[in-house]
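Keep in mind that the numbers below use all heavy atoms, side chains included, and drop hydrogens, waters and symmetry copies. All of these numbers come straight from a predicted model, not from anything done at the bench. One-based numbering, in listed order, for ligands and for the atoms of each.
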Amino acid sequence: MLPIKLNGVPVTQPFLPPLEEFVAYLQQIWANKHITNNGPFHQQLEAALADYLGVKYVCLFSNGTLALITALQALGITGEAITSPYSFVATSHALIWNGIKPVFADIDKDTLLLDPAKIEAAITEHTTAIVPVHCYGYPCKVEAIQKIADKYKLKVIYDAAHAFGVQYKSSSVLTYGDLSILSFHATKVFNTFEGGAIICHNAEMKLRIDQLKNFGTVDEVTVVAAGINGKMSEVNAAMGLLQLQYMDEILTQRKAIDAQYRSLLSAVKHIDCLQPPEHTSAWNYSYFPILVRPGYPISRDALYTKMREQNIFPRRYFYPLISEFPMYRNLASSVPENLPVATEITQQILCLPIYPGLNIDHIRQVADIIQSQ
Ligand SMILES: *Cc1c(COP(=O)(O)O)cnc(C)c1O
C-alpha cells in the first residue's frame, strides 16, 4: 500500500461511514455479481434519493460533470448559454463539450449568485439556455430566473452540485428549472466517492436521460441516440445508500461548526461571513465562505498564506474566475468590465475548513489567525 499522510487541516474531508457497514454492502454485491448497469443498489439509491430530496426523478451518474454534459444534451441546447463565472470550471467546460458558447453574466454582491438583471441583459438571438449555479448551496433567484426563461423561451439547467438537500420556500430547490445536476464527489456534502445525478420532473425525460447515459441504447438491438457512458456502479451506489443513513449526523456536525465560526468571527472587523439568502428553508452547511474586505490589515492572499504556514488549508473558492482561464478569457463576456462584482469578490473570498470530525481546537486556531492580524 502507498503511504498516506494527511498533514494539517484541509478545507474538507469526506465523511466515511464505518468500514464494516460498507463491507456488508460489498458482500451483497459479490454475492449477486451485479456490479453495474442499473443494479439493485443503483435502483434503491435512485428511489431513496428521490424520497430524501423531495423530487420526482433521480438519474444517477458516474460524476456531476457527465451529468451536466448529459443534461445539456437531453434538452438539445445549442448556440449560447448564460452562466456564472463564479463557479468550478466544470460548469463552463460542460458547455464547451456540447459546442455551446458560454456567456458570462455578473453575480449579485450579497449572494454571489447570478444576478437576474445581468442574465436578461446578456441574452442574444443565439441564447438557448441559462445555466445558473447554486453556489455554496445558496438558492438562486429561481422565480426571477424562470420568468426570464419563460419570456425568452430559454431552458434552465441548474448546476446544483453544492445544493444537496437545500430547500427554498420549504420545497427542494432542485424542483426548479428544467433540470438540475448534483455532484456526489468526495469533497461534497454527500458523497459516493465519485458520482452525480440529474434531477428531472417527468417520466419521459427520465427515460431519455437513462438512455443517453447508457450509450443511447434501448435494448440489445436498438440504439436511439449517440449517448455516452455515464452510469454509476453498484459500489458507488452502495456508498450512497450507506451515506444517506448518516446525513442527519453529517448536517448536525456541519451546522455546529458553522455556528462556532460565526460566533468566533462576528466581532472581527472587515471580515464578513456569508449567509444563505432569504427563503432558504433548509441548508446543508457545505462551505464556510468569508470575505476579506479592503479594511482588513492584510490581503486575502496573505491571510491564506498565513494559514497554510500553520498547516491549515483553506481554499479560494472561486479564484480565479472561470472567465480568467485560457480557454475562456478571450470571450467578449469575460472582460472584467462586464463582471465587476465577480472580479472584486474573487480577490476577497476564502472558504474555511468545514467537515464532520473537524475539532473545536482547529476551529479556534483558524479563528485566532483571523482575529490576530
Ligand atoms: C464539484 C462540482 C462540479 C463537478 O462535479 P464532479 O462530480 O466533480 O464532476 C460541477 N460544478 C460545481 C459547481 C462543482 O462544485
Side-chain angles (χ1 to χ4, degrees), residues 10-15 45 49 58-73 81-98 100 102 104-105 107 111-114 129-140 156-166 173-174 177 179-199 209 213 228-233 235-237 239-240 243 274 276 283-289 314-323 325 328 342 345-346 349 351 354-355:
V11 74
T12 189
Q13 233 176 48
F15 174 80
L45 183 58
L49 282 175
V58 176
C59 309
L60 292 174
F61 275 77
S62 44
N63 61 65
T65 305
L66 270 172
L68 184 52
I69 288 172
T70 307
L72 294 160
Q73 280 278 322
I82 297 166
T83 189
S84 175
Y86 191 76
S87 181
F88 181 56
V89 281
T91 311
S92 286
H93 282 359
L95 295 170
I96 300 284
W97 273 64
N98 277 290
I100 302 161
F104 298 112
I107 55 174
T111 62
L112 314 191
L113 302 167
L114 265 186
I130 309 169
V131 182
V133 183
H134 298 304
C135 190
Y136 312 131
Y138 299 167
C140 290
V156 182
I157 303 99
Y158 282 104
D159 182 338
H162 301 177
F164 188 91
V166 171
V173 75
L174 305 170
L179 297 172
S180 293
I181 71 98
L182 290 167
S183 166
F184 308 146
H185 183 256
T187 53
K188 307 300 204 273
V189 164
F190 168 87
N191 91 82
T192 58
F193 304 113
E194 292 266 4
I198 299 179
I199 306 303
I209 293 165
K213 79 171 190 194
I228 192 92
N229 181 0
K231 302 187 303 288
M232 177 183 276
S233 83
V235 173
N236 300 97
M239 178 66 164
Q243 187 105 188
L274 286 167
W283 190 47
N284 61 18
Y285 308 90
S286 46
Y287 296 86
F288 196 88
R315 291 292 298 269
R316 293 164 292 186
Y317 294 140
F318 288 99
Y319 165 85
L321 297 175
I322 300 177
S323 49
F325 290 114
Y328 299 106
I345 293 295
T346 193
I349 194 73
C351 287
I354 184 167
Y355 52 87

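Taking Arg315 as the reference, nothing meets the salt bridge (charged side-chain N to carboxylate O under 4.0 Å, His left out) condition, with sequence neighbours excluded. Applying the ring pair (Phe, Tyr, Trp, His ring centres under 6.0 Å) test to Phe184 and every residue at least two apart in sequence or in another chain returns Phe190. Checked against side-chain hydrogen bond (donor to acceptor under 3.5 Å, both in side chains), Asn63 has no partners two or more places apart in sequence or in another chain.
Ring-plane geometry between Tyr158 and His134 is classed as parallel, the angle between the planes falling under 30 degrees on a 0 to 90 degree scale with a further cut at 60.
Annotation: ligand 1 has protein neighbours Asn63, Gly64, Thr65, Ser87, Phe88, Ala90, Thr91, Asp159, Ala161, His162, Ser183, His185, Lys188, Gly195, each with a heavy atom less than 4.0 angstrom from the ligand.
Between Cys351 and Pro314, every side-chain heavy-atom pair lies at or beyond the 4.5 Å cut-off. Within the 4.5 Å cutoff, no side-chain heavy atoms of Ser84 are placed close to those of Leu113.
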